[in-house]
Amino acid sequence: MSQVSQRNFGLLIAYMVPGYIALWGVGFLVPGIEPWLIGADDVGPTIGGFLYLTVGCVSAGMFASAVRWAILDTVHHRTGIVPTRWSDRWLHERVHAYEWIVENHYRYYQFYANSLVAIVFTYLCWRFSTPGVSLDSGWVDVAVFVHAAVCFAGSRDALRKYYRRASSLLDSDKEIPMTNGGHPKPPTKPKAGSKPGPSKPKGK
């Protein structure tokens, strides 16, 4: 039961929370979205509204994840985080350990990175919906910048740990060249002039 709860929590932070943030931004441009978020007439969301909100959050979270994959992953890979390559030969034997790594590192990377995409999107929607905003709202800009910086730093740390631990788990056969320099050592050759040791007599 704890494993199912942990997996549900990972999916919640990876898609639902960033999707809610992105849906909040859509609400600035589409007035019909706001009742999904806060409910109609201040009585809270209805059952139908909750269903729409859930589907909308998942859809928006998946879209934010696609944008993250297309942009933020590339930025991380070109600024020092090298995506490792590993063999899946041992995956069937170590699938539970790999799932633990995904839930404790990659899901958090998705949360930080997808939330970063959603925060920037929501900020832009708010700016476009209120063109007359003056410089008095500078504290909002500062808050968005701080949140975006924290999410960016957190995403780099989580992604780096995911690559490192997944590589150490699934690269035990050392058959695939590692882009991070972890290449297998060539077999040592006997020195010239050295004689092989005496062989042990075989048992009868």
Side-chain angles (χ1 to χ4, degrees), residues 4-81 83 102-162:
V4 176
S5 299
Q6 183 181 19
R7 183 173 301 175
N8 290 340
F9 176 75
L11 295 176
L12 174 68
I13 64 174
Y15 299 107
M16 289 289 292
V17 175
Y20 184 88
I21 298 174
L23 211 59
W24 186 17
V26 176
F28 288 113
L29 303 177
V30 182
I33 300 296
E34 187 176 359
W36 297 2
L37 305 176
I38 61 175
D41 299 328
D42 297 331
V43 296
T46 62
I47 296 178
F50 179 77
L51 177 61
Y52 292 147
L53 177 63
T54 302
V55 175
C57 287
V58 173
S59 301
M62 293 292 293
F63 184 79
S65 185
V67 175
R68 180 266 308 166
W69 165 80
I71 300 177
L72 197 57
D73 283 17
T74 303
V75 172
H76 285 322
H77 294 160
R78 293 186 178 182
T79 55
I81 299 181
V102 170
E103 297 299 330
N104 288 274
H105 291 294
Y106 192 70
R107 293 304 184 203
Y108 285 88
Y109 166 68
Q110 288 181 305
F111 167 72
Y112 293 129
N114 293 348
S115 295
L116 174 57
V117 173
I119 289 172
V120 173
F121 172 76
T122 300
Y123 172 76
L124 294 177
C125 289
W126 173 71
R127 275 296 185 184
F128 283 124
S129 65
T130 54
V133 174
S134 63
L135 295 179
D136 296 337
S137 62
W139 64 270
V140 178
D141 301 333
V142 174
V144 170
F145 176 80
V146 171
H147 280 77
V150 171
C151 288
F152 183 80
S155 67
R156 289 184 67 85
D157 180 71
L159 184 62
R160 185 182 293 109
K161 290 178 178 177
Y162 167 70

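Shown here for G19 and A60, the closest heavy-atom pair between the two residues is O-CB, 3.6 Å. Heavy-atom minimum distance, L116 versus C151: CB-CB, 4.0 Å. Residues A113 and L72 approach most closely at CB-CD2, 3.4 Å, considering heavy atoms. Scanning both residues, L29 and S129, for their nearest heavy atoms gives CD2-CB, 4.1 Å. Minimum interatomic distance between A14 and P18 (heavy atoms only, all atoms of both residues): O-CG, 3.6 Å. E103 and G10 get closest at one heavy-atom pair: OE1-CA, 3.7 Å.
At least one side-chain heavy atom of Y20 sits under 4.5 Å from a side-chain heavy atom of L53. Residues D141 and R127 form a side-chain contact, since some pair of their non-hydrogen atoms from C-beta on lies under 4.5 Å apart. Contact check for V102 versus Y162: side-chain heavy atoms found under the 4.5 Å cut-off. Considering only heavy atoms from C-beta on, D157 stays 4.5 Å or farther from Y112 through its side chain. A 4.5 Å side-chain heavy-atom check between W69 and Q110 finds every atom pair outside the cut-off.
M16 pairs with exactly one of N8, L11, T54 by the side chain to side chain contact (heavy atoms under 4.5 Å, CB included) rule, that one being T54.
Interatomic distance, CZ of R156 versus CD1 of I81, reported as 4.0 Å (0.5 Å rounding). A distance of 10.5 Å separates CH2 of W126 from CH2 of W24, quoted to the nearest 0.5 Å. In this structure, F121 CZ and I21 CD1 are separated by 12.0 Å, a value rounded to the nearest 0.5 Å. Here CZ of F152 is found 11.0 Å from CZ of F145. Values are rounded to the nearest 0.5 Å. Atom CZ of R78 is separated from atom CG of D73 by 12.0 Å, given to the nearest 0.5 angstrom.
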*Hey, mind stepping through S155 and R68 against side-chain hydrogen bond (donor to acceptor under 3.5 Å, both in side chains) and telling me if it holds?*
CA-CA 11 Å; S155 67; R68 180 266 308 166; over 6 Å; no
*Output, in order, the C-alpha distance, side-chain angles, deciding distance and verdict of side chain to side chain contact (heavy atoms under 4.5 Å, CB included) for F63 and S59.*
CA-CA 6 Å; F63 184 79; S59 301; over 6 Å; no
_V144/T122 under side chain to side chain contact (heavy atoms under 4.5 Å, CB included): CA gap, chis, key distance, verdict_ = CA-CA 10 Å; V144 170; T122 300; over 6 Å; no
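Aromatic ring centres of Y109 and Y106 lie closer together than 6.0 Å.
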